[in-house]
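As the structure lists them, so they are numbered: ligands from 1, and atoms in each ligand from 1.
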Amino acid sequence: MIPLAMPNLKGNEKKYLDNCIDTTYVSSVGEYVTRFESMVAEATGSVDAVATSSGTTGIHAALTVVGVDYGDLVIIPTFTFIATANAVRHCGADSWLMDISKEDWCLDPKLVKYEIKERCEKRDGELYEKSTGKRVAAIMPVYTLGNIPDMGAFREIADEYGLPLIVDAACAIGATYGGCDFGKLADLSVLSFNGNKTVTCGGGGAVVGCNKELLQHVRHLTTTARVYPDYDFDEVGFNYRMTNIQAAVGVAQMERLEEFVHIKRKVRSYYEEKLKDMEEEGKISFFRTTDGASCWFSGIVLSEGKTIDDVKAFCQTMKKADIEVRPFWKPVHLQKPYLDCPRSKVDVSEHLWQRIITLPCSTNLTNSELEQVISMVKSILS
Ligand SMILES: *Cc1c(COP(=O)(O)O)cnc(C)c1O
């Protein structure tokens with residue numbers, strides 16, 4: 001079976017894990033957590049990185065420190081992994097779901113600007129959505145597939161309305177944005193190191209950025225809000241810290257970050273080159289990429305008019321040939337827990353998600369495996 005995305009653990013993972021066992025540092029204390037955090041901070045041009053138990057818990061902590069609270073709204077794209085919306089709900093807030101841009105598949109800043117202008121009012125220095133009466137507490141774009149959208153436009157909107165700008169950058173480690181450091185693009189950005197991401201800790205996350213105070217607060221909150229040396233706590237904290245075992249794997253993985261991102265980008269261009277004729281015949285198109293995209297996943301988009309049933313049939317046929325391919329994110333506004341969330345235009349997401357097929361893109365794929373995938377894709381499309 002050629003799997004969709006497998007971790008690549010051929011570096012120092014085993015050695016560092018052995019060290020955890022030998023030294024008994026398997027829990028929250030240990031050198032790897034600190035090392036992992038400085039590697040992530042450096043790779044993202046951040047002043048600090050706070051390692052967390054997952055991307056989801058990292059997002060929850062980031063939203064909490066910028067003040068997202070019960071009854072608030074957070075603007076997010078409907079086209080995202082469910083965890084984005086879950087983290088908002090974990091704060092007691094609701095997602096205000098908006099559409100993505102066709103160009104980069106990320107939250108559309110023009111739409112956000114328009115919707116705020118049309119549907120919100122300022123009262124006592126806060127922004128309120130008029131039909132729900134709820135306070136808008138943050139904007140949270142998602143770096144879909146490792147694409148970074150026009151962050152300058154989001155910064156302008158955030159500044160104009162006094163809103164915190166948080167990014168769900170869960171799948172975007174390694175992405176670049178002109179000459180600007182990843183960690184400077186938002187007030188806080190959150191990465192995931194889940195098993196299917198470009199760099200993995202088994203499971204884990206990290207909150208990065210350039211505001212020391214915010215990051216210090218994230219660290220405090222994610223480590224039970226304890227005031228040392230004794231058992232004093234000054235807030236309702238979370239136990240969201242990463243363990244030394246997770247970080248040991250993470251350090252070994254971060255040592256290979258450049259290599260992994262290079263391979264991810266190569267896999268993407270390989271598919272595009274080899275399937276170009278299918279694109280020219282109008283049978284498929286490719287995933288959108290921004291300059292500097294980290295190409296977390298690769299794949300194809302079936303032609304307009306095709307639906308999720310066509311995608312599922314395609315996946316079934318591939319499976320019979322021992323190749324794992326899958327549909328991609330079903331938008332949040334179609335998910336049972338979020339059917340009632342306030343929303344704006346969602347039609348780009350609604351049409352696009354039904355036609356996406358993700359193809360195998362592990363960093364340890366061999367050339368002959370890639371060839372197998374390509375020839376099978378071609379034979380189904382023909
Ligand atoms: C993977 C992912 C998450 C969740 O991260 P976990 O570490 O699995 O909690 C959130 N958002 C996006 C966009 C993701 O791709």
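- No side-chain N or O of Gln253 forms a donor-acceptor pair with one of Thr200 less than 3.5 Å apart.
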List below, pair by pair, the N or O atoms of ligand 1 and of the protein that are less than 3.5 Å apart, including the distance to 0.1 Å; reply 'none' if no pair qualifies.
unit_1: ligand 1; atom_1: 5 (O); unit_2: Ser192; atom_2: OG; d: 3.3
unit_1: ligand 1; atom_1: 7 (O); unit_2: Gly55; atom_2: N; d: 2.8
unit_1: ligand 1; atom_1: 7 (O); unit_2: Ser192; atom_2: OG; d: 2.7
unit_1: ligand 1; atom_1: 9 (O); unit_2: Gly55; atom_2: N; d: 3.4
unit_1: ligand 1; atom_1: 9 (O); unit_2: Thr56; atom_2: N; d: 2.9
unit_1: ligand 1; atom_1: 9 (O); unit_2: Thr56; atom_2: OG1; d: 2.5
unit_1: ligand 1; atom_1: 11 (N); unit_2: Asp168; atom_2: OD1; d: 3.3
unit_1: ligand 1; atom_1: 11 (N); unit_2: Asp168; atom_2: OD2; d: 2.8
unit_1: ligand 1; atom_1: 15 (O); unit_2: Lys197; atom_2: NZ; d: 3.2

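- Cluster partners of Val29, using a side-chain heavy-atom cutoff of under 4.5 Å among ILVMFWY residues and allowing indirect links, are Tyr25.
- Looking only at atom types and distance, the side chain of His351 has no donor-acceptor partner in the side chain of Glu304 under 3.5 Å away.
- Relative orientation of the Phe328 and Phe79 rings is perpendicular, given thresholds of 30° and 60° on the angle between their planes.
- The pair Glu324-Arg326 counts as a salt bridge, with a side-chain nitrogen and a carboxylate oxygen less than 4.0 angstrom apart.
- Side-chain atoms of Trp329 and Thr80 form no donor-acceptor pair, as typed in the model, at a separation below 3.5 Å.
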